[in-house]
Amino acid sequence: MPEILEVESARALIEARALHRPIAKVHAPDAWFLKRGLTARGVRAALTGNQLVDARRRGKLMLVDTASGVVLGLHLGMSGRVLIDGEAAGDPLLYASNRPESAWHRFGLSFVDGGSLYLRDPRRLGAVELDPDEDRLGPDAFALTLAELRVMCAKSRAPIKAMLMDQSRVAGLGNLLCDEALWRAGIDPTRTASTLDDDEVRRLHRAIRDTLRVLGRRGGSHTGDLTSQREPGAHCPRDGAPLQRRTVGGRTTYSCPLHQH
DNA sequence: GATGACCTGTGA
DNA sequence: TCACAGGTCATC
């Protein structure tokens with residue numbers, strides 16, 4: 001399931017392969033997949049004969065600009081992938097099946113040249129919308145500044161992990177990336193955000209940047225040092241202590257009781 | 001801010 | 001058969 005790194009790969013794939021190809025047909029077989037009042041008829045009217053001209057991203061939301069000015073918002077949910085001319089970007093997702101199952105094609109565009117862009121999503125938790133409200137999201141995690149992180153920590157009484165996963169605060173970090181970043185920073189995920197001192201906020205900011213850079217290079221959210229250990233009985237890759245498994249912010253959370261405080 | 005709901009596939 | 005899954009959203 002995609003976090004910011006997988007979404008960025010999908011965005012880059014659209015940018016590289018789907019722009020400036022006139023759209024012949026729009027496939028919207030799943031009304032439930034269309035959000036915020038969008039209908040199959042509406043999305044067909046907006047995109048047929050149109051073309052994609054730019055692919056942007058904010059957090060996990062892809063924003064695809066079209067020649068007419070309409071912005072196509074694509075969300076991958078928990079199991080979504082973008083397929084262009086039948087091919088996807090990056091490595092197979094860990095929990096998502098990889099079979100090219102056309103029953104899982106929830107939305108798609110056929111280009112005049114014969115190619116296609118499909119959103120394949122077995123679990124149907126992804127979404128398509130038009131002209132999405134980008135401001136419901138906080139700053140993109142790649143662009144998050146130390147000053148921004150410092151301010152939002154000071155204002156939040158949530159566990160630090162829940163704060164980081166709140167897309168209206170920071171956009172793009174999900175369960176795995178948050179666990180990895182907090183593990184690298186040596187901070188307990190349950191710590192109340194406002195109790196982090198300045199050194200801890202700095203370490204966290206650095207750890208988020210490192211996590212995105214390193215895991216991005218390795219190929220995705222599931223390639224983290226801690227992340228690859230998420231199973232019962234696992235040990236901390238840094239100091240060998242048995243890892244702790246808890247629920248924080250509503251999600252399964254792994255952390256090291258020895259070096260995360 | 002925490003909780004459960006949403007939907008469906010996977011693996012024990 | 002059941003627990004679990006990396007996402008978001010509504011509701012208390």
Side-chain angles (χ1 to χ4, degrees), chain A residues 1-10 29-37 57-62 73-82 90-107 119-129 132-134 136-138 141 152-153 155-183 189-195 211-212 215-216 218-234 245-254:
Chain A
M1 291 59 177
E3 301 188 38
I4 194 170
L5 299 173
E6 288 74 23
V7 180
E8 171 55 23
S9 297
D30 188 348
W32 197 82
F33 212 71
L34 308 175
K35 296 296 154 69
R36 293 170 207 272
R57 185 188 54 71
R58 177 138 164 194
K60 302 169 195 165
L61 176 65
M62 282 181 282
L74 301 177
H75 204 292
L76 299 178
M78 294 266 271
S79 58
R81 300 197 81 180
V82 169
D91 294 328
L93 290 167
L94 203 53
Y95 296 106
S97 171
N98 239 359
R99 283 176 288 137
E101 183 62 67
S102 62
W104 294 336
H105 289 192
R106 310 299 179 189
F107 179 78
L119 218 163
R120 179 166 62 79
D121 183 6
R123 285 179 62 186
R124 295 175 77 210
L125 289 169
V128 171
E129 59 182 315
D133 170 23
E134 306 177 26
R136 67 180 193 246
L137 299 169
M152 73 180 73
C153 282
K155 288 194 298 194
S156 171
R157 269 154 288 114
I160 183 63
K161 178 177 176 183
M163 191 205 81
L164 292 175
M165 287 196 301
D166 180 347
Q167 302 297 298
S168 69
R169 293 208 172 88
V170 192
L173 302 181
N175 198 26
L176 297 185
L177 292 177
C178 287
D179 274 10
E180 179 79 10
L182 289 163
W183 176 82
T190 63
R191 280 277 301 283
T192 299
S194 60
T195 68
T211 297
L212 293 178
L215 275 59
R218 289 182 190 165
S221 312
H222 56 286
T223 63
D225 295 352
L226 174 68
T227 315
S228 43
Q229 302 296 316
R230 349 184 93 230
E231 49 188 27
R245 181 188 193 272
R246 293 172 289 181
T247 297
V248 183
R251 321 250 19 138
T252 301
T253 299
Y254 284 85

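Chain A is the first sequence line, chain B the second, and so forth, proteins listed ahead of strands; every chain is numbered from 1.
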[X] [atom1] - [N] [atom2] separation (whole Å):
X         : N      : atom1 : atom2 : value
Glu3(A)   : dA5(C) : CD    : P     : 13 Å
Leu61(A)  : dC9(C) : CG    : P     : 10 Å
Met165(A) : dT8(C) : CE    : P     : 10 Å
Arg106(A) : dG7(C) : CZ    : C1'   : 15 Å
Leu34(A)  : dC6(B) : CG    : P     : 20 Å

Would you please confirm or rule out a distance under 4.0 Å between OP1 or OP2 of [N] and any side-chain N or O of [X]?
X         : N      : value
Trp32(A)  : dC6(B) : no
Arg169(A) : dG1(B) : yes
His75(A)  : dG7(C) : no
Arg124(A) : dT8(B) : yes
Gln167(A) : dG7(C) : no
Arg36(A)  : dC9(C) : yes
Thr252(A) : dA5(C) : yes

Between Leu125(A) and Gly249(A), which is nearer to the 5' end of DNA chain B once each is assigned its nearest nucleotide?
Gly249(A)
Tell me whether Arg251(A) is salt-bridged to Glu3(A), with the criterion being a basic N under 4.0 Å from an acidic carboxylate O.
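No, no charged N to carboxylate O under 4.0 Å.
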Lys/Arg N to Asp/Glu carboxylate O, Arg230(A) vs Asp179(A), below 4.0 Å
yes
Tell me the partner of dC7(B), counting only Watson-Crick (N1-N3 plus N6-O4 or O6-N4) or G-U wobble (N1-O2 and O6-N3) with both under 3.5 Å; none if nothing fits.
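When the pairing criteria are applied, nothing turns out to pair with dC7(B), so the answer is none.
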Minimum-distance nucleotide to Ser156(A) side chain [options: dG1(B), dG9(B), dG7(C)]
dG1(B)
Given dG1(B), dT8(C), dT8(B), the nucleotide with the shortest approach to the side chain of Ala158(A):
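Looking only at side-chain atoms, Ala158(A) lies closest to dG1(B).
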May I ask you to verify whether the side chain of Arg251(A) and the base of dA5(C) hold a donor-acceptor pair under 3.5 Å?
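A donor-acceptor contact between them is absent.
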Check this for me: Lys35(A), atom NZ, are more than 12 non-hydrogen atoms of other residues, nucleotides or ligands nearer than 6.0 Å?
yes
Give me the atom names and distance for the closest heavy-atom approach of Leu61(A) to Arg136(A).
CD2-NH2, 4.0 Å
Tell me the closest heavy-atom pair linking Met152(A) and Val170(A), and the distance in Å.
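Looking at all heavy atoms of both residues, the shortest contact is SD-CG2, 3.5 Å.
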